[in-house]
Asks: 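I am attaching a structure below and will ask some questions about it afterwards.
Just so you know, ligand 1 is whichever comes first in the structure, and atom 1 is the first atom listed for that ligand. On a predicted model such as this, the values are computed, not experimentally measured, just so you know.
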Amino acid sequence: MSEFQQKCTLLTRNRLAPDVFRLTFEAPKLAAQAQPGQFVMVRVIDGLDPLLRRPFSIHRNSVSNGTISLLFKVIGKGTDMLAQRCVGDQLDFVGPLGNGFDLSCKQPICLIGGGMGIAPLLFLAEQLQQTGREIEKDHVLLGARNRDELALLAEEFSALGYAVQLATDDGSIGHKGFIPDLLDFVLPTVERVYTCGPHLMMENIVRQCQQAEVSCQVSLETHMACGMGACLGCTVNGKKGLVHVCKQGPVFNADHLEWSL
Ligand SMILES: Cc1cc2nc3c(=O)[nH]c(=O)nc-3n(C[C@H](O)[C@H](O)[C@H](O)COP(=O)(O)OP(=O)(O)OC[C@H]3O[C@@H](n4cnc5c(N)ncnc54)[C@H](O)[C@@H]3O)c2cc1C
Ligand code: FES
């Protein structure tokens, strides 16, 4: 699979919560190649500050419309500038990058997203649904700070046919607490877990999966400078030594990584 550098036109800009945005871009070549779990490196502005591209998961993908969407939270300069881009602006993208999720599991599965880790899971959920699997046996667990960050996304997973359970820090929707609290009830019914979110959440999920002997794929979001295996900025400890999250990931079989469990 090859990646492209291309200018992509911003088609729609939606604010899902005060600091959470969904941007959809015209990107036919990217859309045609992208697999769930892959990411793009985006120049958020044409000038020199910030100089480095920022990595974002491909959140939605439409081959027929030739579009891809990003879902992101404003946490610093780059994401703030990205949030201020206007419909019609052209942004420089490189992608699709990295290795995505393995979709081959035919048995019931569980998708678990925390915060902006939900972003790649909607693309994954859409692709899995198109494989004709028994969606009603699959689960989606989503966690975030509050209702604003979850309500619309939860509806979108539900509309695909998944059983969705929610957890929020403030209890404004779903369970008041953390996603791993919900997982114990779901784990006995599934064969594989796919997860993306805060590292501590994923560590807990990996521990629960290992105890239950359920396979687990994790998508990591480390700091990245180049996104292409050239700078060593994104390395983590794998069972057989250091691995580049940008090249060998961002999706890994959890058993291939070292976890401080
Ligand atoms: C493969 C991949 C996919 C990603 N997908 C998404 C996505 O779909 N949606 C989304 O909102 N974000 C995603 N991220 C994270 C996103 O790239 C960062 O939020 C973004 O680069 C921050 O840029 P900034 O200039 O706004 O923040 P900066 O000014 O660079 O940093 C602001 C603060 O955030 C911290 N920070 C920056 N990047 C990260 C990070 N990766 N992990 C933890 N802390 C960080 C910095 O240490 C600093 O304290 C992804 C990251 C990776 C590696
Ligand atoms: S981000 Fe440069 S090597 Fe991975």
Asks: Closest non-hydrogen protein atom to atom 21 (O) of ligand 1, residue and atom name please, with distance?
Replies: R54 CD, 3.2 Å

Asks: Any idea which heavy atoms bring K247 and G229 closest together, and the distance?
Replies: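 Looks like CG-CA, 3.7 Å.
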
Asks: Is it true that Q208 and D184 share a donor-acceptor pair across their side chains at a distance under 3.5 Å?
Replies: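 Yes.
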
Asks: Return yes or no for this condition: an N or O of L71 is under 3.5 Å from an N or O of ligand 1.
Replies: yes

Asks: Under the ring pair (Phe, Tyr, Trp, His ring centres under 6.0 Å) test against F93, which residue among F39, F25, F56, F4 passes?
Replies: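 Filter result, single survivor: F25.
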
Asks: Work out which heavy atom in V186 is nearest to a heavy atom in C110; give both atom names and the distance.
Replies: CG1-SG, 3.9 Å

Asks: Identify, by atom number and element, the atoms of ligand 1 in contact range of A119, meaning under 4.0 Å from any of its heavy atoms.
Replies: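 Once the distances to A119 are compared, the set is 8 (O).
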
Asks: Going by the atom numbers of ligand 2, which of them fall below 4.0 Å from some non-hydrogen atom of M224?
Replies: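 So the atoms of ligand 2 that pass are 1 (S).
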
Asks: Show which atoms of ligand 1 fall inside a sub-4.0 Å distance from at least one heavy-atom site of G78.
Replies: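 With G78 as reference, the close atoms of ligand 1 come out as 24 (P), 25 (O), 26 (O).
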
Asks: To the nearest 0.1 Å, how far is atom 26 (O) of ligand 1 from its closest protein heavy atom, and which atom is that?
Replies: T79 OG1, 2.5 Å

Asks: So which heavy atom in the protein is nearest atom 3 (C) of ligand 1, and how far is it from that ligand atom?
Replies: S57 OG, 3.4 Å

Asks: Using every non-hydrogen atom in the two residues, find where I68 and V40 come nearest and quote the distance to one decimal.
Replies: CD1-CG1, 4.3 Å

Asks: Hey, looking at atom 29 (O) of ligand 1, which of K77, M116, M81, K73 has the closest heavy atom?
Replies: K77

Asks: What protein heavy atom lies closest to atom 33 (C) of ligand 1? Include the residue and the distance to one decimal.
Replies: I75 O, 4.0 Å

Asks: Near E134 CD, under 6.0 Å, is it more than 12 heavy atoms from other residues, nucleotides or ligands?
Replies: no

Asks: With a cut-off of 2.8 Å, does H244 place any N/O/S atom under that distance from atom 4 (Fe) of ligand 2?
Replies: no

Asks: Is it the side chain (CB and beyond), the backbone, both or neither of T235 that lies under 4.0 Å from ligand 2, heavy atoms counted?
Replies: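 T235 to ligand 2: no contact under 4.0 Å from either part.
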
Asks: Counting from 1, what ligand 1 atoms have a heavy atom of M224 closer than 4.0 Å?
Replies: 1 (C), 53 (C)

Asks: Just need the protein heavy atom nearest to atom 39 (C) of ligand 1, so name the residue and atom and give the distance.
Replies: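 Going atom by atom, the protein heavy atom closest to atom 39 (C) of ligand 1 ends up being H223 CE1, 3.6 Å.
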
Asks: Any salt bridge linking K239 with E258? Criterion: basic side-chain nitrogen under 4.0 Å from a carboxylate oxygen.
Replies: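 The answer is no: the pair does not qualify as a salt bridge.
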
Asks: Any idea which part of V74 is under 4.0 Å from ligand 1, heavy-atom wise: side chain, backbone, both or neither?
Replies: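 Looking at V74 and ligand 1, no heavy atom falls under 4.0 Å.
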
Asks: Give the residue and atom name of whichever protein heavy atom lies nearest to atom 41 (N) of ligand 1, and the separation in Å to one decimal.
Replies: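 The closest heavy atom on the protein side is E221 O, 3.2 Å.
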
Asks: So which protein heavy atom does atom 17 (O) of ligand 1 come closest to, and at what separation?
Replies: P55 O, 2.6 Å

Asks: Determine, using the 4.5 Å side-chain heavy-atom cutoff (strictly less than), whether V74 and L10 are members of one ILVMFWY cluster.
Replies: yes

Asks: Identify whether the distance between the nearest side-chain nitrogen and carboxylate oxygen of R53 and D92 falls below 4.0 Å.
Replies: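 Looking at D92 together with R53, the answer is yes, because their closest N to O distance falls below 4.0 Å.
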
Asks: Check each atom of ligand 1 against the heavy atoms of T222 and keep those under 4.0 Å away; list them by number with element.
Replies: 41 (N), 53 (C)

Asks: Classify the contact between F72 and ligand 1 as side chain, backbone, both or neither, using a heavy-atom distance cut-off of under 4.0 Å.
Replies: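 It is both backbone and side chain that touch ligand 1.
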
Asks: Closer than 4.0 angstrom, basic N to acidic O: yes or no for R147 and D170?
Replies: no

Asks: Any protein heavy atom under 4.0 Å from atom 31 (O) of ligand 1?
Replies: no

Asks: With a cutoff of 4.0 Å, is H59 in contact with ligand 1, counting heavy atoms of the residue only?
Replies: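 The answer is no: ligand 1 sits nowhere under 4.0 Å from a heavy atom of H59.
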
Asks: Checking a contact table here: which protein heavy atom is nearest atom 1 (S) of ligand 2, and how many Å away?
Replies: G227 N, 3.2 Å

Asks: Do K7 and D46 meet the salt-bridge criterion of a basic N to acidic O distance under 4.0 Å?
Replies: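 Between K7 and D46 there is a salt bridge, with a charged N closer than 4.0 Å to a carboxylate O.
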
Asks: Please identify which atoms of ligand 2 are closer than 4.0 Å to at least one heavy atom of G229.
Replies: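 Near G229, meaning under 4.0 Å from one of its heavy atoms, ligand 2 has 3 (S).
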
Asks: Where is the nearest protein heavy atom to atom 27 (O) of ligand 1: which residue, which atom, and how far?
Replies: G76 CA, 3.6 Å

Asks: Can you give me the SG-atom 2 (Fe) of ligand 2-SG angle for C226 and C231, to 10°?
Replies: 110°

Asks: With a cut-off of 4.0 Å, which atoms of ligand 2 are near a heavy atom of C234?
Replies: 1 (S), 3 (S), 4 (Fe)

Asks: Given that the side chain starts at C-beta and the backbone is N, CA, C, O, which of these parts of A225 lies under 4.0 Å from ligand 2, counting heavy atoms, or is it both or neither?
Replies: backbone

Asks: Can you check whether D255's main-chain N or O pairs, donor with acceptor, with N253's side chain at less than 3.5 Å?
Replies: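 Yes, N253 side chain to D255 backbone: donor-acceptor pair under 3.5 Å.
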
Asks: Answer yes when K106 and E191 have at least one side-chain N-carboxylate O distance shorter than 4.0 Å, and no when they do not.
Replies: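 Between E191 and K106 there is no salt bridge, as every charged N stays at least 4.0 Å from the carboxylate O atoms.
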
Asks: Do you know the tightest heavy-atom contact between I205 and P180?
Replies: CG1-CG, 4.3 Å

Asks: Need the ligand 2 atom indices (1-based, order shown) with element for anything under 4.0 Å from a heavy-atom of A230.
Replies: 3 (S)

Asks: Evaluate the 4.0 Å heavy atom contact test for atom 48 (C) of ligand 1: does a protein atom fall under the cut-off?
Replies: no

Asks: Heavy-atom contacts with C246 under 4.0 Å: which atoms of ligand 2 show up? List them by number with element.
Replies: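 Here the atoms of ligand 2 in question are 1 (S), 3 (S), 4 (Fe).
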
Asks: With backbone taken as N, CA, C and O and side chain as the heavy atoms from C-beta onward, which portion of V44 lies under 4.0 Å from ligand 1: side chain, backbone, both, or neither?
Replies: neither

Asks: So, the side chain of S219 versus the backbone of G37: is there a donor-acceptor pair under 3.5 Å, distance only?
Replies: no

Asks: State whether D80 and K73 are salt-bridged, where the test is any N-O pair (Lys NZ or Arg NE/NH1/NH2 against Asp/Glu carboxylate O) under 4.0 Å.
Replies: no

Asks: Keeping the roles fixed (side chain from Y194, backbone from V218), state whether a donor-acceptor pair exists under 3.5 Å.
Replies: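 Between the backbone of V218 and the side chain of Y194 there is no qualifying donor-acceptor contact (under 3.5 Å).
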
